[in-house]
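Here the structure comes first, spelled out in structure tokens, and everything after it is commentary.
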Amino acid sequence: MHKDLVFIINTNQNFIRTAGKDSESFLPVLNDFFESVSDVYIPLLNMLERLEEENIRCRFGLVLAPVLCSLLEKEDIQQMYVEWLGKRIALGQKQLSSADKSVTNIIEKTIERNKKLLADFEKKYECNLLKKFSDYHQKGFVELLATCGTDIFIPHYADLPEVISAQIETGLQSYRNSFGGFPDGFWLPELGYMPGIEKIIRAYGYSYTVLDARSMLLCENLPSKGIFYPARTENSLALFANSPDVEEELLGEEGFASNEVYRNTKRDIGFELPLEKLNSVIPKGSPRYATGYRYWNRCFEGECIYNEEAALKQADDDAKAFLSKKADLLSKAAELLPDSDYVVSVCSLDAVELRKNWSEWLVWFENILRHSAEYELQVSECNELLGKQFSLEKIYPYYSAAGGDGYGESFVSSKNSWMIRYVRKASERMIDLADRFPNDTGLKTRLLNLGAKELLLAQSVSLAKMIENEEFSDFAEKRFKDSIKAFTSVFDSLGSNTVSTEWLTKIEERDNLFPWMNYRIFSKKK
């Protein structure tokens, strides 16, 4: 019997408008996206390159959300990222002349890191990160999973199967446009499961998905092998249980990320220095945001200057501690399940949360891949473990989610509950429009396609999360209201049979994603 670890890195990204004044209005949000490119996507590719060169086994799942792919493919975004790196390099060089000697080395390393990111992005990857991820997928290093068009919380639309189908179909089309081929795995946004959606997921050809552990542990017929072995639904969609303790181990109060030697992700000169010293990066009148120059560790007593060498050593130690704990857990599971051919622990990693709270998490992850064999653990992908898919134990999973206390209750709270009535009404109207105008062409088709895109954007539950957590809440509220207003204008225009082509062209340029959109995905399935 072999013991398997499966890692799935989940990414998410809100759509950011770059046309007109929108990009200027929400510079902190654009800055946050570029930090993700610098701290997650390029470093991931560099890690894959190192492991390939050293012939180290590398297998993990990766979810590249459709909106993220759309942004990474845009030439104006690519050029803005190049300029963004240039400004940070210039800021660091300016800081060298006035900074305290205790942080000079950190500044120099940050400058060199930004220069390497720039060279990698422009020359090594030719500004096309998705192509390189696709290459590693073809080589078998990474399994790319598909997901919904936007990060919809599916249980909110339990009575609107057309909405769920439209979201899944949009995600599949985005995957095929960006990577080609057909994915085996489907990632449920926020792990939001409700009984019945497996029929829609399976209808699109997916082999498996991942559920919150509660979905399997609270079902009527508890799986005999618990969460250490996949099960299947009635229509043979394979189910893996997400390990329930990983988030706490990594980001909890006493998790790895809390170690005082790690870089303090909340302290940045963008929040510390006088604005006049930051005007080359943060324009006058803009809110403050991070610059990437972070000199401090997480210790709040005595010497707080970040020591990279100590942090990297700690990341290696924490990787070994994680592997040791997982090895013990899976060994106990193997003892209890002697008839199984393997036992598995599926660990999903939220790249957005990890980046914001733990600068060294990718170093930790690379060390996991390097040391796993020492603990008699095999790092695998879900699709490698599906050889007996149709003979897996059949279960009827329970409703569950990764958000709130396990049921997504924070997505409709006292702060954001006003959103759901608008987006549900728009969803009902879109389904009606798709059936009323099944064969239209010309301006009506453009209107309907725009309405479909605006609805998909409004259905993004991350907007509700941002309002709940008071993080970029102004951006989230404006983005939501703009999409609902645009959809309503589409609905009214179709009802009155009049349309302003100037307005239509302006909104199409503003929300320029999913150019292949076909509004008929919202049609009722017969």
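Side chains included, hydrogens not; waters and symmetry mates left out as well; all remaining heavy atoms used. Quick caveat: nothing in here was measured; it's all calculated off a predicted structure.
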Inspect the surroundings of [atom1] in [X] and state if more than 12 heavy atoms from other residues, nucleotides or ligands are less than 6.0 Å away.
X: Lys325; atom1: NZ; value: no
X: Glu54; atom1: CD; value: yes
X: Phe34; atom1: CZ; value: yes
X: Asp405; atom1: CG; value: no
X: Lys124; atom1: NZ; value: yes
X: Glu220; atom1: CD; value: no
X: Gln378; atom1: CD; value: yes

Taking the basic N atoms (NZ, or NE/NH1/NH2) and the acidic carboxylate oxygens, is any pair closer than 4.0 Å for [X] and [Y]?
X: Asp135; Y: Lys139; result: no
X: Glu471; Y: Lys356; result: yes
X: Asp328; Y: Lys332; result: no
X: Arg59; Y: Glu384; result: yes
X: Glu126; Y: Lys132; result: no
X: Lys326; Y: Asp245; result: yes
X: Lys465; Y: Asp151; result: no
X: Lys394; Y: Glu234; result: no
X: Arg50; Y: Glu366; result: yes

Answer with yes or no whether the side chains of [Y] and [X] bring together a donor and an acceptor at under 3.5 Å.
X: Arg202; Y: Ser236; answer: no
X: Asn177; Y: Gln173; answer: yes
X: Ser483; Y: Glu454; answer: yes
X: Glu52; Y: Tyr136; answer: yes
X: Ser38; Y: Tyr81; answer: yes
X: Thr150; Y: Gln167; answer: yes
X: Ser523; Y: Glu162; answer: no
X: Asp341; Y: His2; answer: no
X: Ser224; Y: Glu393; answer: yes
X: Ser178; Y: Glu73; answer: yes
X: Glu468; Y: Ser413; answer: yes
X: Asn518; Y: Asn449; answer: no
X: Asn242; Y: Ser348; answer: yes
X: Gln314; Y: Tyr262; answer: no

[X]/[Y] aromatic ring centres below 6.0 Å:
X: Tyr342; Y: Phe228; value: no
X: Tyr399; Y: Tyr193; value: no
X: Phe121; Y: Tyr125; value: no
X: Trp364; Y: Phe322; value: yes
X: Phe365; Y: Phe7; value: yes

Heavy-atom side-chain contact between [X] and [Y] under 4.5 Å:
X: Asp39; Y: Trp361; answer: no
X: Asn357; Y: Leu354; answer: no
X: Tyr229; Y: Val343; answer: no
X: Trp418; Y: Glu477; answer: yes
X: Leu48; Y: Cys58; answer: yes
X: Ser427; Y: Leu455; answer: yes
X: Met517; Y: Thr170; answer: yes
X: Leu433; Y: Phe487; answer: yes

**OP:** Kindly say whether Gly255 contributes a backbone atom to a donor-acceptor pair with the side chain of Glu248 at under 3.5 angstrom?
**Re:**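 Not confirmed, Glu248 side chain does not pair with Gly255 backbone.
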**OP:** For the pair Arg520 (side chain) and Pro438 (backbone), establish whether a donor and an acceptor sit closer than 3.5 Å, ignoring hydrogens and angles.
**Re:**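 Pair found, side chain donor or acceptor close to backbone of Pro438.
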**OP:** Going by the side chain to side chain contact (heavy atoms under 4.5 Å, CB included) test, name the single residue among Leu172, Leu188, Ile168 that passes it with Cys148.
**Re:**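 When Leu172, Leu188, Ile168 are each tested with Cys148, the side chain to side chain contact (heavy atoms under 4.5 Å, CB included) holds only for Ile168.
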**OP:** Using the six-membered ring of Trp516, assess whether NZ or CZ of Lys453 lies under 6.0 Å from its centre and within 45 degrees of the ring axis.
**Re:**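 No, cation not above the ring by the 6.0 Å, 45° rule.
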Compare every heavy atom of [Y] with every heavy atom of [X], then report the nearest pair and how far apart it is.
X: Leu62; Y: Thr11; result: CD1-CG2, 4.4 Å
X: Lys444; Y: Phe437; result: NZ-CE2, 3.9 Å
X: Phe411; Y: His156; result: CB-CE1, 3.8 Å
X: Leu217; Y: Leu222; result: O-CD1, 3.3 Å
X: Ile197; Y: Gly192; result: CD1-O, 4.0 Å

**OP:** Please work out which of the three classes, parallel, tilted or perpendicular, describes the rings of Phe186 and Tyr206, given edges at 30° and 60°.
**Re:**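 Judged by the thresholds at 30° and 60°, the geometry between Tyr206 and Phe186 is tilted.
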**OP:** List in chain and number order the residues that pass side-chain contact (heavy atoms from CB on, under 4.5 Å) with Glu335, two or more places apart in sequence or in another chain; answer none if no residue qualifies.
**Re:**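 Here no residue qualifies.
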